[in-house]
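So the structure is just underneath, and the comments pick up after that.
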2 protein chains.
Amino acid sequence: MREGPDIARVATLIGDPARANMLTALMTGKALTASELAAEAGVTVQTASTHLAKLLDGELLQMRKQGRHKYFALAHADVAATIEALMGLAAGQGATRTRTGPKDAQMRQARVCYNHLAGQMGVQMFTSMRDRNFIWERGEDLGLTPQGETFVTGFGVALDGLTAARAPLCRRCLDWSERRTHLAGSLGRAMLAQMEALAWVRRDKGSRALLFSQAGQRAFTAAFPN
Amino acid sequence: MREGPDIARVATLIGDPARANMLTALMTGKALTASELAAEAGVTVQTASTHLAKLLDGELLQMRKQGRHKYFALAHADVAATIEALMGLAAGQGATRTRTGPKDAQMRQARVCYNHLAGQMGVQMFTSMRDRNFIWERGEDLGLTPQGETFVTGFGVALDGLTAARAPLCRRCLDWSERRTHLAGSLGRAMLAQMEALAWVRRDKGSRALLFSQAGQRAFTAAFPN
DNA sequence: CGAATGCTTCGGTTAACGTCGAACTATGCG
DNA sequence: CGCATAGTTCGACGTTAACCGAAGCATTCG
């Protein structure tokens with residue numbers, strides 16, 4: 001009776017609590033094994049196995065075998081974007097499952113979203129770079145200006161490998177907590193990777209929160225002033 | 001076991017075929033009565049009633065009573081954006097429920113998305129206005145330049161009423177078929193309304209497709225050249 | 001006031017699906 | 001080659017929730 005793509009199919013796929021937990025866990029961008037995902041979702045491995053098969057079939061996940069392990073990751077950035085959108089809706093109706101604790105504040109300040117920096121600090125990095133004309137915008141497209149390339153290279157990120165890939169260098173990602181744009185794409189991932197290499201920040205084990213060191217925090221505000 | 005908003009709850013809500021059909025039907029932006037939605041979804045009114053109650057409870061819909069009718073609409077633009085994102089995923093995996101027919105091509109060319117123009121022509125309108133400096137962009141924010149205000153007013157849209165409202169004048173909306181930005185927000189709605197008033201275009205009854213007349217098509221390309 | 005229409009609530013049936021224990025296959029290690 | 005670990009398949013159970021018929025409110029109209 002209706003036209004258009006079958007939205008119910010994919011929504012049902014995401015709608016199961018176990019599968020939603022798996023997807024949320026994968027929002028960090030890190031690939032996880034089947035048993036790790038089972039633990040994340042709070043189900044036995046055999047249940048997890050069927051869920052993962054469905055997610056693969058629905059093309060929400062990609063998988064690669066490595067020895068006797070299977071590593072799962074989100075299929076592509078669109079999946080991450082859709083999940084962020086759903087989080088935005090869910091957050092709006094105040095239905096955070098766990099009561100908001102210290103972890104939650106941490107998450108709002110800085111967290112990892114599909115391997116790039118999100119939260120207040122993610123937004124700050126983006127706006128700071130844009131306001132200094134390091135990033136140009138044109139509709140949905142983003143890119144680095146010449147000054148931006150200099151800045152990024154000076155920051156320690158090698159652009160050669162990034163621009164060679166067919167994935168876009170810069171991408172917009174809408175933050176579900178801030179409701180503002182932050183930087184995604186291969187550059188967004190590289191920037192976060194470099195901050196980790198500089199020991200500004202480390203990932204919280206078992207959540208998406210990012211923990212900045214005191215020195216890292218200072219260096220960050222110096223590098224990306226408001 | 002997991003942190004963050006309860007994404008499964010809202011996804012389950014969208015995941016039922018009947019409810020998904022209702023939401024899709026409401027993507028036009030038009031408010032529909034309970035029985036109309038029942039027909040759209042292909043269920044009896046009593047089943048539709050329970051579904052609608054759940055969608056209201058989940059804050060995906062808003063409702064207003066009018067006489068012995070109840071009119072339902074999407075709660076806010078974020079809901080529409082999320083559904084578009086899901087459509088993008090579903091379309092990607094080639095799972096369009098109905099075989100692609102002439103209707104489908106029509107839909108890709110021009111359709112209504114939450115009361116504004118979407119599809120190829122929606123994208124064209126946006127890019128054309130942006131390239132002529134009628135619209136400025138700054139991160140997630142959009143707005144009309146002085147030249148843009150002149151143009152829009154000349155087009156027959158009164159800006160006074162729009163800017164007074166607290167809803168944003170310009171908004172980005174990501175097209176699921178084109179994967180490009182088109183113009184949403186109150187201005188996007190007003191532009192489409194004006195095109196309908198000028199009889200450039202009329203809505204296809206029973207689908208989201210927009211049917212441009214020959215003259216309307218010509219006038220459109222003149223007003224929004226590539 | 002009835003009669004008609006739009007929507008809701010109740011009860012009971014049915015189907016789908018998530019869940020786990022147990023048995024099975026595959027890979028790696030000593 | 002055994003043994004351990006990672007992942008899958010099978011079967012049975014239980015819960016959930018969608019569905020409709022029928023009866024119940026609410027609103028409008030003659």
Side-chain angles (χ1 to χ4, degrees), chain A residues 1-2 6-26 30-58 60-73 75 95 97, chain B residues 1-2 6-26 30-75 95 97:
Chain A
M1 348 286 39
R2 290 267 82 225
D6 190 356
I7 170 187
R9 191 182 133 83
V10 42
T12 306
L13 219 44
I14 306 178
D16 177 77
R19 287 192 294 259
N21 282 333
M22 292 176 175
L23 291 169
T24 309
L26 290 171
K30 239 178 42 177
L32 298 177
T33 68
S35 4
E36 286 170 331
L37 285 168
E40 288 287 349
V43 293
T44 61
V45 284
Q46 59 269 32
T47 333
S49 178
T50 66
H51 284 309
L52 289 169
K54 289 180 187 180
L55 288 171
L56 275 181
D57 181 61
L60 293 186
L61 294 187
Q62 60 181 113
M63 184 264 291
R64 68 169 191 275
K65 287 186 67 169
Q66 211 165 94
R68 54 179 169 181
H69 291 277
K70 284 192 175 183
Y71 283 93
F72 294 86
R97 203 166 352 165
Chain B
M1 300 93 250
R2 290 266 81 226
D6 190 356
I7 171 185
R9 191 181 132 81
V10 43
T12 306
L13 219 45
I14 306 178
D16 178 77
R19 287 194 292 261
N21 282 334
M22 292 176 174
L23 292 168
T24 309
L26 290 171
K30 240 179 44 178
L32 298 177
T33 67
S35 0
E36 286 171 331
L37 285 168
E40 287 287 350
V43 293
T44 62
V45 284
Q46 58 268 34
T47 345
S49 178
T50 67
H51 283 309
L52 289 168
K54 289 181 187 180
L55 288 170
L56 275 181
D57 182 62
E59 296 179 33
L60 293 186
L61 295 187
Q62 61 181 116
M63 185 264 291
R64 68 170 193 275
K65 286 184 67 168
Q66 210 164 94
R68 55 181 167 182
H69 291 276
K70 284 192 173 181
Y71 283 93
F72 294 87
L74 298 186
R97 205 168 348 168

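Lettering follows sequence order; numbering is per chain, from 1. It should be emphasised that the depicted structure is a prediction, and the values quoted were computed from it without experimental measurement. All heavy atoms count here, side chains included; hydrogens, waters and symmetry mates do not.
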Check your understanding: Does B/R19 reach the main-chain N or O of B/L13 with its side chain, forming a donor-acceptor pair under 3.5 Å?
Key ->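 Side chain of B/R19 to backbone of B/L13, a donor-acceptor pair under 3.5 Å: yes, one is there.
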Can you give me the N/O atom pairs linking the protein to nucleotides 19-26 of chain C at distances under 3.5 Å, or say none if there are none?
unit_1	atom_1	unit_2	atom_2	d
C/dT19	OP2	A/H51	NE2	2.6
C/dC20	OP2	A/T44	N	3.3
C/dC20	OP2	A/T44	OG1	3.3
C/dC20	OP2	A/T47	OG1	2.9
C/dG21	N7	A/Q46	NE2	2.7

Without decimals, in angstroms, what is the distance between [X] [atom1] and [N] [atom2]?
{"X": "B/H69", "N": "C/dT8", "atom1": "NE2", "atom2": "C1'", "answer": "16 Å"}
{"X": "B/L55", "N": "C/dT8", "atom1": "CG", "atom2": "P", "answer": "12 Å"}
{"X": "B/D57", "N": "C/dT8", "atom1": "CG", "atom2": "P", "answer": "14 Å"}

Practice item. Could you pull out all residues at least two apart from B/T50 that satisfy side chain to side chain donor-acceptor pair (under 3.5 Å)? Key: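 Not a single residue meets the side chain to side chain donor-acceptor pair (under 3.5 Å) criterion with B/T50.
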Grab the two heavy atoms, one from [X] and one from [Y], that are nearest each other, plus how far apart they are.
{"X": "A/A34", "Y": "A/F72", "answer": "CB-CE1, 3.9 Å"}
{"X": "B/T47", "Y": "B/T44", "answer": "OG1-OG1, 2.5 Å"}
{"X": "B/E40", "Y": "B/N21", "answer": "O-CB, 4.2 Å"}
{"X": "A/R9", "Y": "A/G58", "answer": "NH2-CA, 4.0 Å"}

**Study point:** Bounds of contact between DNA chain D and chain A, in 5' to 3' order, using a heavy-atom cut-off under 4.0 Å
**Key:**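 The protein-touched segment is D/dA4 to D/dT9.
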Point to revise | A/K54 vs C/dC17: side-chain N/O to OP1/OP2 distance below 4.0 Å | key: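 For C/dC17, neither OP1 nor OP2 has a side-chain N or O of A/K54 closer than 4.0 Å.
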Review point. How many angstroms lie between CG in B/L61 and CG in B/L37, if you round to the nearest 0.5 Å?
Key: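 Between atom CG of B/L61 and atom CG of B/L37 there are 8.0 Å.
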Review point. So do A/Y71 and A/L32 actually touch side chain to side chain, heavy atoms under 4.5 Å?
Key: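 Heavy-atom side-chain distance check fails, nothing below 4.5 Å.
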